[in-house]
Amino acid sequence: MDCLFCKIINGDIPSNKVYEDEKILAFYDIAPQTPTHVIIIPKQHITCADEVDETNCLVVGHIFSKIPLIAKELGLEDGYRIINNCKEDGGQTVMHLHFHLLGGKKLGEKIV
Ligand code: AMP
Ligand code: ZN
């Protein structure tokens with residue numbers, strides 16, 4: 001499949017990993033928008049949030065169950081922001097479900 005993040009999962013494209021288990025992978029964003037910017041993805045290819053349903057939603061819960069651990073390892077004790085961009089109007093550029101974990105500074109209260 002011609003999917004950038006599937007290639008990262010397969011090791012065809014290198015990444016700077018911060019967390020990995022059998023279901024998910026977290027790695028540093030190549031173009032960080034905050035001092036700490038990590039991408040968290042399911043290893044199972046799900047195109048976007050609009051494709052989450054009863055058959056594949058458990059991995060989304062698994063991602064959120066590991067976010068506190070990942071955030072702690074990254075030193076984000078004072079908080080962070082989680083963003084998901086969905087499809088064209090949401091600004092999604094890589095069509096593999098992912099969550100941006102952003103932190104390392106005090107972010108503004110608004111995102112638009
Ligand atoms: P989105 O715009 O929500 O689809 O986010 C895609 C993110 O993937 C962007 O923040 C990119 O900087 C990031 N990205 C693209 N290619 C790579 C890569 N090879 N390694 C790490 N992050 C990447
Ligand atoms: Zn993929």
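Since the structure is predicted, the reported quantities are computational estimates derived from the model, not experimental observations. Worth knowing before you read on, the calculation uses all heavy atoms, side chains too, and leaves out hydrogens, waters and symmetry mates.
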Residue pair Tyr80 / Ala71: nearest heavy atoms and the distance that separates them: CE2-CB, 3.3 Å
Those residues that, when tested against His100, pass ring pair (Phe, Tyr, Trp, His ring centres under 6.0 Å) (two or more places apart): His37, His98
Val38 side chain near Tyr19 side chain, heavy-atom distance below 4.5 Å: no
Val18-Ile40 co-clustered via ILVMFWY side chain contacts under 4.5 Å: yes
Euclidean distance, Lys105 NZ relative to Leu76 CG, rounded to 0.5 Å: 13.5 Å
Validation row, ring centre Phe99 to ring centre Phe64 under 6.0 Å: yes
Set of residues satisfying ring pair (Phe, Tyr, Trp, His ring centres under 6.0 Å) with respect to His62, sequence neighbours excluded: none
Straight-line distance of Glu51 CD to Cys57 SG, nearest 0.5 Å: 13.5 Å
4.5 Å side-chain heavy-atom contact, Ile46 and Gln44: yes
Joint cluster assignment, Leu25 & Tyr28, ILVMFWY side-chain distance < 4.5 Å: no
Positive for side chain to side chain contact (heavy atoms under 4.5 Å, CB included) with Leu97, one of Thr47, Val52, Val59: Val52
Pro42 versus His96, closest heavy-atom pair with distance: O-NE2, 2.8 Å
From CA spacing to verdict: side-chain contact (heavy atoms from CB on, under 4.5 Å), Cys3, His45: CA-CA 9 Å; Cys3 169; His45 181 88; 3.5 Å; yes
Glu22, CD: over 12 other non-hydrogen atoms inside 6.0 angstrom: yes
4.5 Å side-chain heavy-atom contact, Ile41 and Val94: no
Heavy-atom side-chain contact between Ile13 and Phe5 under 4.5 Å: no
Neighbour count above 12 (heavy atom, 6.0 Å) for Asp53 CG: yes
Spacing of Leu101 atom CG and Asp29 atom CG [to the nearest 0.5 Å]: 11.0 Å
Gap separating the CD1 atom of Ile70 from the CD1 atom of Ile63, nearest 0.5 angstrom: 8.5 Å
Thr34 side chain reached by Arg81 side chain, heavy atoms, under 4.5 Å: no
Atom pair NZ (Lys72) and CG (Leu69), whose distance is rounded to the nearest 0.5 Å: 8.5 Å
Side chain to side chain, Leu102 and Thr36, heavy atoms closer than 4.5 Å: no
Other residues, nucleotides, ligands: >12 heavy atoms within 6.0 Å of Asp78 CG: no
CD1 on Ile8 to CD1 on Ile39, rounded to 0.5 Å: 9.0 Å
Heavy-atom check, side chain of Lys23 versus side chain of Leu58, under 4.5 Å: no
Minimum heavy-atom distance Gly104-Pro35, with the two atoms named: O-CG, 3.7 Å
Residue pair Lys43 / Cys6, side-chain heavy-atom distance below 4.5 Å: no
